[in-house]
A.B. asks: 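For reference, the structure I am asking about is given below.
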Amino acid sequence: MNYWLVKSEPVKYSWEQFEKDGRTCWDGVRNFQARNNLQGMRNGDLVLYYHSNEGKEVVGVAKVVREAYPDPTAGDPAWVVVDLAPESRFTRPVTLTQIKNHATLQHIGLLRQSRLSVMPLRPEEFDVIVGLGMG
DNA sequence: GCCAACGTTGGC
DNA sequence: GCCAACGTTGGC
């Protein structure tokens, strides 16, 4: 089991819409590092869902329900997508400020590489954030 | 609105 | 292969 974090601007695709859809194809990734991370996802892996720009908080947990396949919105099959489904919504979203202030989260990808949109998490990072979000 | 970080492009 | 210019992302 691996843990990940994906970012989405809520004006483009929000957690609320994600819940309405019940499942979504995570398309549009055009960055090699993010693409490589998508390819590392396995069915059942858990994924934190972060709202960038507006909100700036982790709002819930998603689950990988289909592993990497070619992105239908890209001309080049080198770009891939995965399918995600909502797993649980946080009772209290975890803000970027909370993440910055938490001792265990000082080395999280979200802080180190602010522009990367798909990144791996350490199990302890995942656990801490879920603990805060569901607490 | 500004700026830092970083990826891409193109000239040399 | 280097580097300047430029575009995009995302926090503030």
Side-chain angles (χ1 to χ4, degrees):
Chain A
M1 161 86 75
N2 296 306
Y3 300 97
W4 310 90
L5 181 147
V6 297
K7 298 199 290 198
S8 180
E9 295 185 45
V11 289
K12 291 183 181 165
Y13 191 75
S14 67
W15 173 269
E16 287 69 26
Q17 188 61 49
F18 183 38
E19 279 196 340
K20 277 183 201 159
D21 293 345
R23 175 181 179 125
T24 198
C25 167
W26 205 258
D27 61 19
V29 169
R30 298 291 183 273
N31 169 283
F32 288 109
Q33 205 177 343
R35 191 278 309 269
N36 292 343
N37 290 331
L38 286 178
Q39 285 175 327
M41 290 185 181
R42 294 294 170 262
N43 285 326
D45 282 358
L46 296 176
V47 183
L48 295 182
Y49 195 108
Y50 177 78
H51 275 168
S52 62
N53 280 319
E54 292 193 27
K56 283 171 283 185
E57 55 194 13
V58 180
V59 291
V61 182
K63 184 196 274 188
V64 177
V65 292
R66 184 176 172 190
E67 295 178 7
Y69 59 99
D71 186 338
T73 70
D76 183 346
W79 299 115
V80 300
V81 297
V82 297
D83 287 359
L84 300 178
E87 176 74 5
S88 55
R89 178 184 201 136
F90 282 177
T91 51
R92 302 156 114 209
V94 179
T95 65
L96 185 59
T97 305
Q98 281 178 280
I99 291 170
K100 281 184 176 172
N101 290 336
H102 199 290
T104 308
L105 303 175
Q106 292 309 298
H107 300 292
I108 195 172
L110 189 65
L111 300 180
R112 292 158 60 100
Q113 244 185 305
S114 67
R115 290 183 57 202
L116 188 60
S117 62
V118 181
M119 66 189 77
L121 291 176
R122 296 178 183 172
E124 62 268 28
E125 293 168 341
F126 179 86
D127 288 342
V128 163
I129 292 174
V130 171
L132 292 170
M134 298 305 231

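Residue numbers start from 1 in every chain, and the chains themselves are labelled A, B, ... in the order their sequence lines are given, proteins ahead of strands.
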A.B. asks: What contact category does L96(A) fall into here, base, sugar-phosphate, or nothing, at under 4.0 angstrom with non-hydrogen atoms?
C.D. replies: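 Sugar-phosphate only.
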A.B. asks: Just the rounded figure in Å: distance from P of dA5(B) to CZ of R112(A).
C.D. replies: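 From R112(A) CZ to dA5(B) P: 14 Å.
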A.B. asks: If we ignore angles and hydrogens, is there a donor and acceptor under 3.5 Å between the side chains of T73(A) and R30(A)?
C.D. replies: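 R30(A) and T73(A) do have a side-chain donor-acceptor pair below 3.5 Å.
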A.B. asks: So, is Y50(A) close to the dT9(C) phosphate, meaning a side-chain N or O under 4.0 Å from OP1 or OP2?
C.D. replies: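 Negative; the distance criterion is not met.
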A.B. asks: Using atom CG of N53(A) as one end and atom P of dG11(C) as the other, report the distance to the nearest whole Å.
C.D. replies: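 N53(A) atom CG is separated from dG11(C) atom P by 6 Å.
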A.B. asks: Can you tell me the distance, in whole Å, between the CZ atom of R115(A) and the C1' atom of dC6(B)?
C.D. replies: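 The distance from CZ of R115(A) to C1' of dC6(B) comes to 5 Å, rounded to the nearest Å.
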A.B. asks: In terms of the angle between their ring planes, are Y49(A) and W26(A) parallel, tilted or perpendicular, with boundaries placed at 30° and 60°?
C.D. replies: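 Aromatic pair Y49(A)/W26(A) classed perpendicular.
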A.B. asks: In terms of hydrophobic clusters joined by side-chain contacts under 4.5 Å, are L84(A) and V118(A) together?
C.D. replies: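 L84(A) and V118(A): one cluster.
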A.B. asks: If the cut-off is 4.0 Å, is K7(A) near the phosphate of dG10(C), judged by side-chain N/O to OP1 or OP2?
C.D. replies: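 It does, given that an N or O in the side chain of K7(A) lies less than 4.0 Å from OP1 or OP2 of dG10(C).
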A.B. asks: In whole angstrom, give the distance that lies between atom CD of E54(A) and atom C1' of dG11(C).
C.D. replies: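 After rounding, the gap between these two atoms is 13 Å.
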A.B. asks: Whole Å only: how far is the CD atom of Q33(A) from the C1' atom of dG7(B)?
C.D. replies: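 Interatomic distance, CD of Q33(A) to C1' of dG7(B): 11 Å.
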A.B. asks: How many Å lie between CZ on R30(A) and C1' on dT8(C), as a whole number?
C.D. replies: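 R30(A) atom CZ is separated from dT8(C) atom C1' by 15 Å.
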A.B. asks: Using only atom types and a distance under 3.5 Å, with no angle test, would you say the side chain of N31(A) pairs donor to acceptor with the backbone of Q33(A)?
C.D. replies: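 Checking the backbone N and O of Q33(A) against the side chain of N31(A), a donor-acceptor pair under 3.5 Å is found.
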A.B. asks: What's the CZ-P distance between F32(A) and dT8(B), to the nearest Å?
C.D. replies: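 Those two atoms, CZ and P, are 6 Å apart.
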A.B. asks: Rounded to the nearest Å, what distance is computed from the CD atom of residue E9(A) to the P atom of nucleotide dT8(C)?
C.D. replies: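 Rounding to the nearest Å, CD of E9(A) and P of dT8(C) are 13 Å apart.
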